[in-house]
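Single-structure report; data block below.
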Amino acid sequence: MSVETSLVSPEREESSADSDVLDVQETTCCIVGGGPGGAVLALLLARQGIPVMLLEAHEDFDRDFRGDTLHPSVLEIMDALGLADRLHKLRHTKISQFAFNTPEGSFPIGDFRRLKTKFPYIMMLPQEHFLEFITDEAKRHENFQLLMGASAQELIVEDDVVRGVRYRSDRGTHEVRALLTIGADGRSSRVRRLAGFEPQKTSPPMDIIWFRLPRKPTDPEGAFGRVSTGHILIRLDRMDEWQIGYVIPKGGWQRVRKAGLPALREAITDVLPEFPERVEHLQDWEQVAVLSVESSRCPRWYRPGLLLIGDAAHVMSPVGGVGINYAIQDAVAAANILSAPLKAGKVETDDLRKVQREREFPTKFIQSLQAVIQRRLIAEALDTSKPFKFPLLMRLLLRIPILRNIPARLIAFGIRPARLKV
């Protein structure tokens with residue numbers, strides 16, 4: 001039996017928190033979290049004439065070491081919106097292929113140039129610039145509101161239906177009442193926690209240390225990986241800098257910190273012997289960010305009046321860099337399915353269930369694939385008890401012409417990419 005939410009709210013008792021609320025605002029859809037999934041969904045709904053309010057907890061979009069990759073599937077979505085040309089005018093780099101260099105040789109994991117798409121590459125664009133671009137586009141629509149520095153504190157729940165959120169700003173506590181609330185607030189989602197959803201977690205074998213090193217004009221463009229016994233390092237082209245991801249065993253950060261920066265610089269030089277001078281730029285722990293790698297998925301992404309998308313519903317491993325890709329595809333699926341009910345002023349639980357049904361299989365598939373890579377490649381490489389050898393199955397896959405495009409296609413699009421229908 002489906003539960004229906006309506007624009008007409010029932011009478012409610014005054015709660016103790018109501019007396020502290022400065023104002024009450026109303027909208028059709030309130031999206032909590034101004035990351036890629038939340039921002040794109042807000043734009044898609046605003047284009048349909050649906051009143052939408054986007055709440056972002058921070059005062060700006062500038063955050064270090066957020067994902068900067070826009071995959072071909074996202075670029076095709078931007079193209080369908082008529083935004084791809086303008087997006088490409090922003091300063092960016094392109095990753096056309098990616099290979100892991102090992103002591104046994106180079107293994108091309110993904111050659112996007114072979115894909116049948118208008119965009120045979122991954123675009124590297126600072127996420128803050130992408131989010132500013134998307135929200136500026138959404139601001140062209142009068143029915144869109146963006147509230148920065150708005151931190152969601154609690155859900156408004158009446159008769160077991162979520163009716164909106166209370167958020168805190170520098171002025172105090174405010175209330176937004178909405179037909180539908182979307183939790184798009186990332187891997188540490190407050191909305192998920194407030195809704196009582198408990199994600200099922202797996203145990204990735206690694207964490208990642210992120211930092212930046214200078215990039216010279218003569219350096220090659222793109223992205224590169226190095227794998228050897230006990231070491232994995234990823235190098236991403238960010239125009240003026242290299243963003244470096246140094247993979248360590250799960251829970252190994254305290255050992256790295258205790259060993260000190262000189263030991264870390266020496267370990268990096270072992271993997272990047274051509275960077276001895278540049279590694280010396282790493283002089284302070286403040287230059288280093290640590291990502292505790294997680295992978296999880298909520299069994300249920302919705303309850304009456306509420307839907308989770310992106311990392312709020314399923315935290316993705318960084319393997320393949322597909323997190324942004326999947327969050328935006330969640331947004332597209334949600335817009336495709338929910339635009340008509342939102343316009344009609346009635347959203348049924350079955351409508352929310354359809355979004356999860358549409359996106360759950362692709363998510364399960366890629367998370368399962370990531371788990372295999374983590375177990376068969378990453379864990380093996382980080383094991384110092386035996387020499388690392390590139391897995392035989394992956395060697396064969398990359399040598400057979402009819403099969404070697406599969407990794408690139410899965411990274412670029414996933415198993416069943418969402419296509420814009422509204």
Side-chain angles (χ1 to χ4, degrees), residues 67 69 71 95-112 114 122 201-210 222-236 243-253 256 267-268 270-272 290-297 314-326 362-415:
T69 55
H71 289 55
I95 299 173
S96 298
Q97 54 185 328
F98 182 81
F100 270 117
N101 296 315
T102 77
E104 304 171 276
S106 180
F107 295 89
I109 300 298
D111 189 341
F112 306 108
R114 297 193 185 105
I122 291 175
K201 297 183 178 181
T202 60
S203 300
M206 77 286 195
D207 292 326
I208 301 179
I209 300 173
W210 289 108
F224 308 88
R226 294 277 178 89
V227 183
S228 61
T229 302
H231 300 287
I232 303 175
L233 184 143
I234 307 295
R235 193 173 67 179
L236 302 173
Q243 182 168 320
I244 309 293
Y246 184 60
V247 183
I248 61 174
K250 189 70 178 176
W253 167 239
V256 172
I268 295 164
D270 287 343
V271 191
L272 284 176
V290 182
L291 173 65
S292 179
V293 175
E294 296 180 18
S295 179
S296 64
R297 185 176 63 253
H314 46 76
V315 177
M316 309 297 280
S317 161
V319 172
V322 299
I324 294 173
N325 189 33
Y326 272 63
T363 301
K364 284 182 175 179
F365 180 89
I366 202 68
Q367 286 185 327
S368 297
L369 182 60
Q370 288 176 326
V372 170
I373 294 173
Q374 289 167 171
R375 184 173 62 251
R376 297 297 301 277
L377 177 62
I378 296 173
E380 290 287 324
L382 294 176
D383 184 357
T384 57
S385 66
K386 56 185 178 181
F388 171 74
K389 290 186 177 295
F390 205 78
L392 179 61
L393 181 61
M394 295 186 73
R395 292 170 186 257
L396 295 175
L397 178 68
L398 296 174
R399 287 177 181 171
I400 301 173
I402 198 172
L403 299 178
R404 66 187 179 190
N405 290 343
I406 292 176
R409 178 159 188 82
L410 290 176
I411 293 171
F413 295 101
I415 191 69

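- Minimum heavy-atom separation, Pro318 to Ile208: CG-CD1, 3.6 Å.
- Atom CH2 of Trp210 sits about 14.0 Å away from atom OH of Tyr246, to the nearest 0.5 Å.
- How far CZ of Arg226 is from CD1 of Ile232: 13.5 Å, rounded to the nearest 0.5 Å.
- Annotation: side chain of Val319 is in contact with side chain of Met206 (closest heavy-atom distance under 4.5 Å).
- One distance of note links CG of Leu377 with CD1 of Ile109; it measures 7.0 Å at 0.5 Å rounding.
- Closest approach of Ile411 and Asn325 over heavy atoms only: O-ND2, 3.8 Å.
- Of the possible donor and acceptor atoms, none in the side chain of Asp207 sits under 3.5 Å from a partner among the backbone N and O of Lys250.
- Distance CD1/Ile373 to OG/Ser368: 11.0 Å, rounded to 0.5 Å.
- With hydrogens and angles ignored, the 3.5 Å screen pairs no side-chain donor or acceptor of Gln367 with any backbone N or O of Met316.
- Closest heavy-atom contact between Ala381 and Val227: CB-CG1, 3.6 Å.
- Counting heavy atoms from C-beta outward, Leu398 and Pro407 have side chains that approach closer than 4.5 Å.
- Distance check: Ile244 CD1 to Ile209 CD1 gives 12.5 Å after rounding to the nearest 0.5 Å.
- Separating the CZ atom in Arg404 from the CZ atom in Arg399 is a distance of 12.0 Å, to the nearest 0.5 Å.
- Taking all atoms of both residues into account, the shortest heavy-atom contact from Phe388 to Thr102 is CE2-CG2, 4.3 Å.
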(request) Decide side-chain hydrogen bond (donor to acceptor under 3.5 Å, both in side chains) for Ser295 and Gln370; before the verdict, give the C-alpha distance in whole Å, the side-chain angles of both, and the deciding distance to 0.1 Å. (result) CA-CA 9 Å; Ser295 179; Gln370 288 176 326; 4.8 Å; no

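- Listed here is the closest heavy atom pair of Glu294 and Pro204: C-CG, 4.0 Å.
- Of the possible donor and acceptor atoms, one in the side chain of Arg395 sits under 3.5 Å from a partner among the backbone N and O of Phe390.
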(request) Apply the test side chain to side chain contact (heavy atoms under 4.5 Å, CB included) to residues Ile234 and Phe100: give CA-CA distance (whole Å), side-chain angles for both, the deciding distance (0.1 Å), then the verdict. (result) CA-CA 9 Å; Ile234 307 295; Phe100 270 117; 3.7 Å; yes

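- The two residues Asn405 and Arg114 come nearest to each other via the heavy atoms OD1-CD, 2.9 Å.
- Ionic pairing of Glu380 and Lys386 is present here: one or more N-O contacts between side-chain nitrogen and carboxylate oxygen are shorter than 4.0 angstrom.
- You'll find the side chain of His314 reaches within 4.5 Å of the side chain of Tyr326, heavy atoms only.
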